[in-house]
Enquirer: 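One structure is given below, represented as structure tokens, and several questions about it will come after.
In this text, all values refer to a predicted model and were calculated from it rather than measured experimentally.
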Amino acid sequence: MSGTVAHKLIESHLVEGTAAVGREIGLRIDQTLTQDATGTMVMLELEAMDLPRVRTEVSVQYVDHNLLQADFKNADDHLFLRSAAQRFGLWYSKPGNGVSHPVHQQRFGVPGKTMLGSDSHTPAAGAIGMLAIGAGGLEVAMAMAGQPFYTTMPRIWGIRLVGTLPEWVSAKDVILELLRRHGVGGGRGRILEYHGPGLDGLSAMDRHVIANMGAELGATSTVFPSDGEVRRFLASEGREADWVELVADPDASYDVEEEIDLSTLEPLIAKPSSPGNVVPVREVAGAPIGQVVLGSSANPGLRDLAVPAMMVRGRQTSDRVSFDVNPASRQTLETLAGEGYLVDLVAAGARLHQAGCMGCIGMGQAPATNEISLRTMPRNFPGRSGTKEDKVYLCSPETATASALTGVITDPRDLDMACPTFTPPARSYVNTAMLVPPLPGDENLDVELVKGPNIASLPSFEPLPDHIGGPVLLKMGDDISTDEILPAGAQVLPFRSNIPAIARFAFWQIDDAYSERASAVRDAGGHLVVAGDNYGQGSSREHAALAPRYLGLRAVVARSFARIHRQNLVNFGVLPLTFTDPADYDLIDAGDELHIAEVAERVAAGEPLTVENRTKAVTFDVDHGLSTRQVEVMLAGSLITLHRGATAPVAS
Ligand code: MIC
């Protein structure tokens, strides 16, 4: 098996291991992407590592998540990030310039390159033939320091697209179709590679929509070829010189094969509260709605707001609907204005928000109690919108706009309206004024980091003990997302640069007394939690490992883990254990006392561990499945401790 775009990208960046499925590989990383909600931690990590300057070809720090400034905290973070970008030699994208993923594709992405990003939607850059992977901040910091990125060689999942999309069906419906077929865990351990004649009808930004939400399938990444459409896209951005062709060989073969006939697709929608809960729109049509939000990294293209603008032209949205419009980038906003689309949206009742993530991450736009919210965003995990018991549905801009017009969930094919045709503008609106370049030469070394009072240094991480014991504070089910482990939202996000402060929100969605109960046993040896399959799906936020670790979490025993979160647990010294026999999940209840002996010894020897449930007087085996490299990290207590070559605390 060879000749795929994914293989070509991997082979050209392989610095350790062999590209055989299931084996650990080390990849050279050309570019990094950090955003503010995870980036503050990355910059603190670079500071703790004493890095003189990043060693990547391009590293960009975006500010797109923490945009509301209810007090000094987010504004202080912006200043800190600006100073850190100058200090470590990064580009800085100012607040208001837009969401990292589309801006990166427009301004910095280069076909054939690798990118590591501290955001799970980083694979969106696969739209232009990059191998882009989401990871915890500490790994991105390591990549900035010139270290390879280590991961398990995934299977390559070839998805052959044939046919053309019917009217009223767009890129979002393609990825929703895959989520309908395979669910939120369906892409784990795989890179999705799209190929086939159906690609011809998908623009580079349509491909971005599909690549972005590959994260919802749990995939390691998504890649598209760098073909004529990518060349057209880069030329329209004034960057044709960055184009290189990267296509699969005619005889390329894939580990897993699948076909989607685009002409058979219909408008789809993900019901609350999982992106995998997908049904045809007509199945839920007629339900009254209270809110529609357009935009975000999952529908960032100009067409994703221009088509809605054409749909609402000369019409009014329903008086029971809040019609929120979030342009994903400054460039899109400027183009919407310049091409006359903006006036149609505003006249139809749009509430226009600044370019950024906004409600996608609960930074404002929380829906009212019991009101349905339709969003073109990538995720609808429970409570992520900022409203507990929320009812968030995910759909295409066409479905969202049709529903905004009628006030009920509506299949756009049922509107009495001709399907608008979008033609890209003749001139592009490239404006780089909000991108601050890195300082040249050694000038960066003199820059002082600007730290407001809410920015706390990293906590310390002691080496792995030989005995882990304590109560099971939570027993959870399948598909627990990082939004449930450590929520985002306007109230919590401002504490992303302060682990002790953010820790009190850990597992808040599941049990709001968790942090108090964990603190009570922290000094007595800590605690454990138990979960089902796909534990930690969703975001890359390392806070979901750091905050529980700070509260004394020493091990998670689960049926299986999501890739990024499992690595984040390892990076901060929390043991990710899987049941040797999955049925042993039933041998534990919340509140049971678990004990594991000879921990460091057995982890070092690569042997399974034995868990003693003292409450139920039973024992069972668990596996850690750690690679040699991960074992070293676990023994040291954290990746950062290991990197500094000492087991002493990283900072006080
Ligand atoms: C998300 O969509 O969940 C986020 C917010 O972008 C996260 C990053 C974060 O938690 O800061 C992600 O996707 O990794």
Enquirer: Kindly determine whether N380 and K271 satisfy side-chain contact (heavy atoms from CB on, under 4.5 Å), including the steps that lead there.
Expert: CA-CA 8 Å; N380 59 347; K271 297 196 292 179; 5.9 Å; no

Enquirer: Among H101, M130, H104, whose side-chain contact (heavy atoms from CB on, under 4.5 Å) with T122 holds?
Expert: H101

Enquirer: Let me confirm one number: the CG-CD distance from D411 to E266, rounded to the nearest 0.5 Å.
Expert: 7.0 Å

Enquirer: Set out, in order, the CA-CA distance, both residues' side-chain angles and the distance that settles side-chain contact (heavy atoms from CB on, under 4.5 Å) for V63 and L67, then state yes or no.
Expert: CA-CA 8 Å; V63 178; L67 295 178; 4.1 Å; yes

Enquirer: Between the side chain of Q537 and the main-chain N/O of D479, is any donor-acceptor distance below 3.5 Å?
Expert: yes

Enquirer: For K475, I'd like to know if atom NZ has over 12 heavy atoms of other residues, nucleotides or ligands within 6.0 Å.
Expert: yes

Enquirer: Kindly compute the distance separating OH (Y514) from CG (L474), expressed to the nearest 0.5 Å.
Expert: 6.5 Å

Enquirer: Looking at every heavy atom in both V312 and D344, which two are closest together, and how far apart are they?
Expert: CG2-O, 3.6 Å

Enquirer: What closest approach, in Å, do A503 and A547 show between heavy atoms, and which atom pair accounts for it?
Expert: CA-CB, 3.8 Å

Enquirer: Working note: M41 + E542, criterion side-chain contact (heavy atoms from CB on, under 4.5 Å); need CA distance, chi angles, decisive distance, verdict.
Expert: CA-CA 9 Å; M41 208 41 72; E542 48 194 357; 3.4 Å; yes

Enquirer: Is R315 reaching over with its side chain to a backbone N or O of M311, donor-acceptor style, under 3.5 angstrom?
Expert: yes

Enquirer: In plain terms, say whether D483 and R541 are close enough for a salt bridge, that is, a side-chain N and a carboxylate O under 4.0 Å apart.
Expert: yes

Enquirer: Going by an N to O cut-off under 4.0 Å, is there a salt bridge joining R379 and E216?
Expert: yes

Enquirer: Between D304 and K172, is the closest basic N to carboxylate O distance under 4.0 Å?
Expert: no

Enquirer: Over all heavy atoms of both residues, which pair between V321 and V292 is shortest? Give the atoms and the distance, please.
Expert: CG1-N, 4.0 Å

Enquirer: Within a radius of less than 6.0 Å around CG of D319, do more than 12 heavy atoms belonging to other residues, nucleotides or ligands occur?
Expert: no

Enquirer: Between T482 and I485, is there a donor-acceptor pair closer than 3.5 Å when you use the side chain of the first and the backbone of the second?
Expert: no

Enquirer: Is any NZ, NE, NH1 or NH2 atom of the basic residue among E398 and R303 found under 4.0 Å from an Asp or Glu carboxylate oxygen of the other?
Expert: yes

Enquirer: Below 4.0 angstrom, N of the basic side chain to O of the carboxylate: do E229 and R207 qualify?
Expert: no

Enquirer: Would you verify whether the NZ or CZ of R190 falls within 45 degrees of the ring axis of W157 while also being under 6.0 Å from that six-membered ring's centre?
Expert: yes

Enquirer: Test your reading of the model: is there a side-chain donor-acceptor pair from S403 to the backbone of T399, 3.5 Å cut-off?
Expert: yes

Enquirer: Does a side-chain heavy-atom distance below 4.5 Å link N534 with S481?
Expert: no

Enquirer: Q509 side chain to E484 main-chain N or O, any donor-acceptor pair under 3.5 Å?
Expert: no

Enquirer: For a quick check under 3.5 Å, do D324 and H353 share a side-chain donor-acceptor pair by atom type?
Expert: yes

Enquirer: Would you call E237-R107 a salt bridge at under 4.0 Å N-O?
Expert: yes

Enquirer: Look only at the side chain of Q69 and the backbone of A75, and say whether a donor-acceptor pair between them is shorter than 3.5 Å.
Expert: no

Enquirer: Test your reading of the model: is there a side-chain donor-acceptor pair from E177 to the backbone of R180, 3.5 Å cut-off?
Expert: no

Enquirer: Decide side-chain contact (heavy atoms from CB on, under 4.5 Å) for W508 and L486; before the verdict, give the C-alpha distance in whole Å, the side-chain angles of both, and the deciding distance to 0.1 Å.
Expert: CA-CA 7 Å; W508 210 34; L486 201 279; over 6 Å; no

Enquirer: Using a distance-only test with no angle check, is there a side-chain donor-acceptor pair under 3.5 angstrom linking D77 and T40?
Expert: no

Enquirer: Please work out whether the ring planes of Y62 and F108 are parallel, tilted or perpendicular, with thresholds of 30° and 60°.
Expert: perpendicular

Enquirer: Give the C-alpha distance, both sets of side-chain angles, the deciding distance and a yes or no for salt bridge (charged side-chain N to carboxylate O under 4.0 Å, His left out) between R282 and D414.
Expert: CA-CA 9 Å; R282 280 189 180 149; D414 296 335; 2.8 Å; yes

Enquirer: To the nearest 0.5 Å, how far apart are OH in Y535 and CG in D478?
Expert: 13.0 Å

Enquirer: Can you measure from CG (L178) to CD (E258) and round to the nearest 0.5 angstrom?
Expert: 5.5 Å

Enquirer: Does one side chain, of D119 or S540, offer a donor that lies under 3.5 Å from an acceptor on the other?
Expert: no

Enquirer: Can you see whether D36 engages Q61 through a side-chain donor-acceptor pair at a distance of less than 3.5 angstrom?
Expert: no

Enquirer: Would you say D206's side chain and S203's backbone share a donor-acceptor pair under 3.5 angstrom?
Expert: yes

Enquirer: Are Q365 and R351 close enough that a side-chain donor and a side-chain acceptor fall under 3.5 Å?
Expert: no

Enquirer: Any idea which heavy atoms bring R413 and E167 closest together, and the distance?
Expert: CG-O, 4.4 Å

Enquirer: So, are E516 and R504 salt-bridged, with charged N and O less than 4.0 Å apart?
Expert: no

Enquirer: Does some side-chain heavy atom of I260 sit less than 4.5 Å from a side-chain heavy atom of R160?
Expert: no

Enquirer: About how many Å separate CG of L268 and OH of Y393, when rounded to the nearest 0.5 Å?
Expert: 14.5 Å

Enquirer: Please confirm whether the backbone N or O of P397 pairs with a side-chain atom of T401, one donor and one acceptor, at under 3.5 Å?
Expert: yes

Enquirer: When you compare the side chains of N431 and Q331, does any donor N or O come within less than 3.5 Å of an acceptor on the partner?
Expert: no

Enquirer: Looking at every non-hydrogen atom in both residues, tell me the closest pair between Q106 and S329 and how far apart they are.
Expert: OE1-OG, 3.8 Å

Enquirer: Looking at CD1 of I175 and CG of L394, how far apart are the two atoms once the value is rounded to the nearest 0.5 Å?
Expert: 12.0 Å

Enquirer: Is the backbone N or O of D390 less than 3.5 Å from a side-chain atom of T387, with the two atoms forming a donor-acceptor pair by type?
Expert: no

Enquirer: Within 45 degrees of the axis of the six-membered ring of Y429 and under 6.0 Å from its centre: does R330 put its NZ or CZ there?
Expert: no

Enquirer: What pair of heavy atoms forms the shortest contact from V184 to P275, and how long is it?
Expert: CG1-CD, 4.0 Å

